[in-house]
Amino acid sequence: MIILGIESSCDETGVGIVELSDDGTTRILADSVASSMQEHARFGGVVPEIASRAHLEAMPQVMDAALKEAGIDKPDAVAATVGPGLAGALLVGASAAKAYAAAWDVPFYGVNHLGGHVAVANLEGEELPHSIALLVSGGHTQLLEVQAVGKPMRELGSTLDDAAGEAYDKVSRLLGLGYPGGPVIDKLAARGEPTIDFPRGMSRAEDLRGPHRHDFSFSGLKTSVARYVERAEKEGRVISVEDVCASFQEAVADVLTAKALRACEDTGAKTLLLGGGVAANARLRELAAQRCEAAGVELRVPRFKLCTDNGVMIAALAAQLIHEGAQPSDLSVGTDTQLEVETPLVTSVA
Ligand code: KG4
Ligand code: ZN
């Protein structure tokens, strides 16, 4: 059975195609992605209206490229992200998916974007066991407890303010390094030393005892970097941008990995899955590997193209659900910008 997945929750327009075998294994047939990232560059972050329009313009080409890559005229099912994500962006992808499903006369599956990030784990290597997923991108920062791909997940924590990638983008902007911030800060950090002790949000003993034990906060860190730069300017001191980047990055990687491993310990999970664009970060990967090894936890990081938003992850999640006998969604189901992680698939209007 051939399943096509459409992703459009943020700034990537993705169409992915997978083949589901009788034994439940999936194979990637096509992975076509267009990004409107450069169109947002001068604003320093994703502009929802620009993203929606870009999805509309890119969809036909991305679809044609995927069908051509897979060598098929039509799939046996169409899936799309119906949430969470940006309202207009979700609407474009979900509407396109329903229209394609209706025109091809095949079933439609409206699935959860975050479930998709987890589903890619099953495309490479062993089936994902009980695990903790740390999803970090420009749009989300989530610690999820996963029983298995396609099963409802439990959110242990998320960010109270900025997403991890958003913190990178904002700090990059204030250092005059452009957008997106992650790759350039990562590169500069490699040439610096983490000499500045920036704050670790939501990590004090009282935070860890309270309801925000597994939550994140990056806005204090961002402000702290801004104050550091302002103070140096006022005092006429030259700062090392490399050291500022390395110190900021250390604070982010430290908090993300400490909280992820604490979640593993609290739940007894022996596997940690990384996903989202920030999973590309060199220091995050290094520190996660070190701390996982010390804790006896297996670290799974899918290859980078599958970590960032794409259509394959949506097709992969739908494939798992179909394999387990899930019913298709009504074409009347809507999109939900705040779709809960407990809902992998939306089958009918609530
Ligand atoms: O998953 P993604 O491509 O798109 C969404 O946000 O949905 O993630 C993009 C985010 C941006 O905020 C970018 O700055 C960040 O991922 N990013 C990184 C790195 N590469 C991309 N952050 C830290 N280190 C990196 N190497
Ligand atoms: Zn995502």
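When a ligand or atom number is given, it counts from 1 through the structure's own listing order.
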Taking N310 for the side chain and T308 for the main chain, is one N or O donor matched with an acceptor at less than 3.5 Å?
yes
Using a 3.5 Å distance criterion without hydrogens, assess whether the side chain of E69 forms a donor-acceptor pair with backbone atoms of D31.
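It does hold such a pair.
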Going by distance only, is there an N or O of [X] that falls short of 3.5 Å from an N or O of ligand 1?
X    : value
G277 : yes
D169 : yes
N281 : yes
G165 : yes
A282 : no
H140 : no
G276 : no

Please determine if [X] and [Y] form a salt bridge, counting it only when a charged side-chain N lies under 4.0 Å from a carboxylate O.
X    : Y    : result
R213 : D266 : yes
E126 : R300 : no
D254 : R283 : no
R227 : E230 : yes
E49  : R53  : no

Which atoms of ligand 1 are found less than 4.0 Å from any heavy atom of [X]?
X    : result
P180 : 14 (O)
T308 : 1 (O), 3 (O)
C10  : 7 (O)
G139 : 6 (O)
E12  : 3 (O), 4 (O)
D186 : 24 (N), 25 (C), 26 (N)
S137 : 1 (O), 5 (C), 6 (O), 7 (O), 8 (O)

Which of these, G138, S9, G275, A279, has its nearest heavy atom closest to atom 5 (C) of ligand 1?
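Residue with the shortest heavy-atom distance to the ligand atom: G138.
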Near the Zn ion (ligand 2), which protein N/O/S atoms fall under 2.8 Å?
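Listed by chain and number, the atoms are H113 NE2, H117 NE2, H140 NE2, D309 OD1.
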Between the side chains of [X] and [Y], does any donor sit under 3.5 Å from an acceptor?
X    : Y    : value
S21  : E19  : no
S8   : H55  : no
H140 : S137 : yes

Indicate the ring-plane relationship of F216 and F218, choosing parallel, tilted or perpendicular according to the 30° and 60° boundaries.
parallel
Looking only at protein heavy atoms, identify the closest one to atom 22 (N) of ligand 1 and say how far it is in Å.
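Of the protein heavy atoms, G182 CA, 3.3 Å lies nearest.
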Which protein heavy atom lies closest to atom 15 (C) of ligand 1, and at what distance to 0.1 Å?
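The protein heavy atom lying closest is V278 CG2, 3.9 Å.
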Is the distance from the ring center of Y100 to that of F108 below 6.0 Å?
no
As a quick check of understanding, evaluate salt bridge (Lys or Arg N to Asp or Glu O under 4.0 Å) for K222 and E166, giving each step before the final call.
CA-CA 10 Å; K222 173 194 66 193; E166 199 180 353; over 6 Å; no
Shortest non-hydrogen contact from L331 to A102?
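Taking L331 first and A102 second, the nearest heavy atoms are CD1-CB, 4.3 Å.
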